[in-house]
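A short worksheet on the structure shown next.
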Amino acid sequence: MRRLLLSMALAAGAAHADGIAVNQIGYLPGATKVAAVPAAEAAGATAFAVVDAATGRTVLRGSLGAAARWEPAAQDVRLADFSALKAPGHYRLQVEGLPDSPAFAVAADAYAAVNAAAIKAYYFNRASTPLLAAHAGRWARPAGHADDHVLVHASAASASRPEGTVISAPKGWYDAGDYNKYIVNSGITVYTLLAAWEHFPAVFKAQKLGIPESGNGLPDLLNEALWNLEWMLAMQDPADGGVYHKLTNKGFDGIVMPADARAERYVVQKSTAATLDFAAVMAQASRVFAAFEKQRPGLSARMLAASRRAWDWAQAHPKDIYKQPADVHTGGYDDSQLDDEFAWAGAELWVATRDARYRPDLAKLAISVPNWGDVKGLAWVTLAQRRAQLPAADAAIVKSRLQSLAGELTTAWRGSAYRVGMRAQDYDWGSSSGVLNRALVLIQAYRLQPQPDTLAAAQALFDHVLGRNPLGQSMVTGFGAKPPLHPHHRPSEADGVDAPVPGFLVGGPNAGQQDQKDCPVPYASSLPALSYLDHVCSYASNEVAINWNAPLVYVSAALQALTPR
């Protein structure tokens, strides 16, 4: 009750922070560093100062930019560019008439801690295992959902597995604030984590997360990804290669711990989207784990064989759209547009096998910022990583498409009063993930052709979810001066621990406010960039989700690896 009352009090507070907005974790020495200053409160100021957080000594002075209107928050803002600050230390930014900014670090490993926590958040969301104090600390908990007695739902029944057949599909991650497991959302999630490994292995090779598998000869990022990959493999019907859409209760659990959620579990309908997402990820994983044959003999070959069988099933069932059964009321992840899944799965299999029958038609394949329902952007990311192995004409198309989209994103960043490149309509469900997936696209273009503005635009988006926003709010639990305290995450609310599980990216501002009928307090603002509620009831703005955390892992690693020293 104390936590609920505190959350209600916070939600009833000011809609925006009347202060200086910075990345509350900090910056790499060579990074572009920009703070946002509310113009109304700094009307008479012309300059800013950066001071040592401990001594108050001024280390840098600069001029404030001109005031400009940022419509997503209906706020006039001035920018303070302190990129010249490169010396490691802890600092605050000062502007006359305003409180000091939150303290922030400048350090060569500025993003190492948030990267590690964002990965370990997946460990905290594991199904089918206890979280022991040696690994989970105060967030230790008993095992929940063994998932070794899962029923085949009527929608998933087949000749070899009729309705009511018992199967085993343990492990995997709870998808979000709920306790169900979904193949479609696992697809983009695992892909993004494995792409982080493929692109920036040096960031992860020596990383020790303190999970049970640490020290087993695999990098911990791959150990964690395997927990979900092994569950995904169990979701493929061995008789025909099709993949069940989800493993779920028939309805959402209440705010209880995993061990206290004991409803019957089902696998529901094979779908084309789930099967293609599975095919794509298993082809990618087969490439990654080929380098670890000694540690996991036969795993790479098993994954590639599973991918091929899934592809063949999808070719035979090209329009098996997921339809929610009448007696199932959990997340749908339904997707009726499947061209992007076919292209992504084809690209992954083509890269893995060099078999031309999988090759997507690149001339007809569009590009967009990826999300779980639109994965064609992932095909371009994979092709960019393997560009040197492609025919020259294909390589040219890959570079052109990525640079075109990145150019649009950079132009939006450059023209934004807040210097963030987000429009009012971009603050929808899971906007924090949308912010970071934009950064992910920019990073692909930067890797192809390094341009300072491209990386600066990606940095600005990363800063935005870590506090450089008009709420003055970090969107990552456990990180920043003002982190989320009450995410819509059942274990964080039911475990009796005051602090939520750390390392989770919450959904972020969402103008739709679809949860208001379920919340005891209103949002403080309806303005898109301010439409956020730090309350456990707010599944529309404050839920966590595995696909939202994945670009946090990727972007924090990429900036750590790519930012000039």
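Keep in mind it's a predicted model, so treat the numbers as computed, not measured.
Side-chain contact between Gln207 and Ile119 is present, with heavy atoms from C-beta onward closer than 4.5 Å. Counting heavy atoms from C-beta outward, Arg386 and Glu198 have side chains that approach closer than 4.5 Å. Here the side chains of Ser474 and Lys482 are not in contact, with every heavy-atom distance at 4.5 Å or above. Counting only heavy atoms from C-beta outward, the side chains of Trp227 and Tyr122 never approach each other to under 4.5 Å.
Judged purely by atom type and a 3.5 angstrom limit, Lys120 uses its side chain to pair as donor or acceptor with the backbone of Gly210. Side-chain atoms of Thr477 come within 3.5 Å of backbone N or O of Gly503 as a donor-acceptor pair. The main-chain N or O of Tyr191 is found under 3.5 Å from a side-chain atom of Gln284 such that the two form a donor-acceptor pair. Although no hydrogens or angles enter the test, the distance criterion places a donor-acceptor pair under 3.5 Å between the side chain of Trp139 and the main chain of Ala499. The main-chain N or O of Ala112 is never found under 3.5 Å from a side-chain atom of Asp109 such that the two would form a donor-acceptor pair. Judged purely by atom type and a 3.5 angstrom limit, Asn549 uses its side chain to pair as donor or acceptor with the backbone of Ala118. Proximity of a side-chain donor or acceptor of Ser400 to a complementary backbone N or O of Ala396 within less than 3.5 Å is not detected. Using a distance-only test at 3.5 Å, with no hydrogens or angles considered, a donor-acceptor pair links the side chain of His488 to the main chain of Val536. The main-chain N or O of Leu98 is never found under 3.5 Å from a side-chain atom of Glu41 such that the two would form a donor-acceptor pair. Looking only at distances, no side-chain donor or acceptor of Thr563 sits under 3.5 Å from a matching main-chain atom of Gly30.
Between the CG atom in Leu552 and the OG1 atom in Thr192 there is a gap of 11.5 Å [rounded to 0.5 Å]. The CE atom of Met422 lies 10.0 Å from the OG atom of Ser416; values are rounded to the nearest 0.5 Å. Atoms CG and CG, on Leu405 and Leu442 in that order, are 7.5 Å from each other to the nearest 0.5 Å. How far CG of Leu222 is from CD of Glu213: 11.5 Å, rounded to the nearest 0.5 Å.
The neighbour count for Arg61 CZ, taken as heavy atoms of other residues, nucleotides or ligands under 6.0 Å away, does not exceed 12. Atom CD of Glu96 sits in a sparse spot, with 12 or fewer heavy atoms from other residues, nucleotides or ligands closer than 6.0 Å.
Counted by atom type alone, Tyr554 and His199 present one or more donor-acceptor pairs between their side chains at under 3.5 Å.
Taking the centre and axis of the six-membered ring of Trp173, the NZ or CZ atom of Arg126 falls outside the cone set by 45° and 6.0 Å.
Among Val106, Asp463, Asn23, the one residue that satisfies the side-chain contact (heavy atoms from CB on, under 4.5 Å) test with Lys33 is Val106. The side-chain contact (heavy atoms from CB on, under 4.5 Å) test with Pro500 singles out one residue from Pro484, Ser492, Pro483, and that residue is Ser492. With Pro509 as the partner, the side-chain contact (heavy atoms from CB on, under 4.5 Å) test is satisfied by one option alone out of Leu530, Leu471, Leu527, Val435: Leu471.
Ring geometry, Tyr427 versus Trp70: the interplanar angle exceeds 60°, so the pair is classed perpendicular (tilted spans 30 to 60°). Between Phe104 and Tyr91, the angle of the ring planes lies from 30° to 60°, which puts this pair in the tilted group. Below 30°, between 30° and 60°, or above 60°: for Tyr111 and Phe462 the angle between ring planes is above 60°, a perpendicular geometry.
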- Message: Arg414 vs Asp453, test: salt bridge (charged side-chain N to carboxylate O under 4.0 Å, His left out). Steps then yes/no.
- Response: CA-CA 9 Å; Arg414 196 179 289 117; Asp453 272 7; 2.9 Å; yes

- Message: I'd like to know whether Asp426 forms a salt bridge (charged side-chain N to carboxylate O under 4.0 Å, His left out) with Arg438, so could you lay out the CA-CA distance, the side-chain angles of the two residues, the decisive distance to 0.1 Å, and finally the verdict.
- Response: CA-CA 11 Å; Asp426 297 326; Arg438 286 170 172 79; 3.0 Å; yes

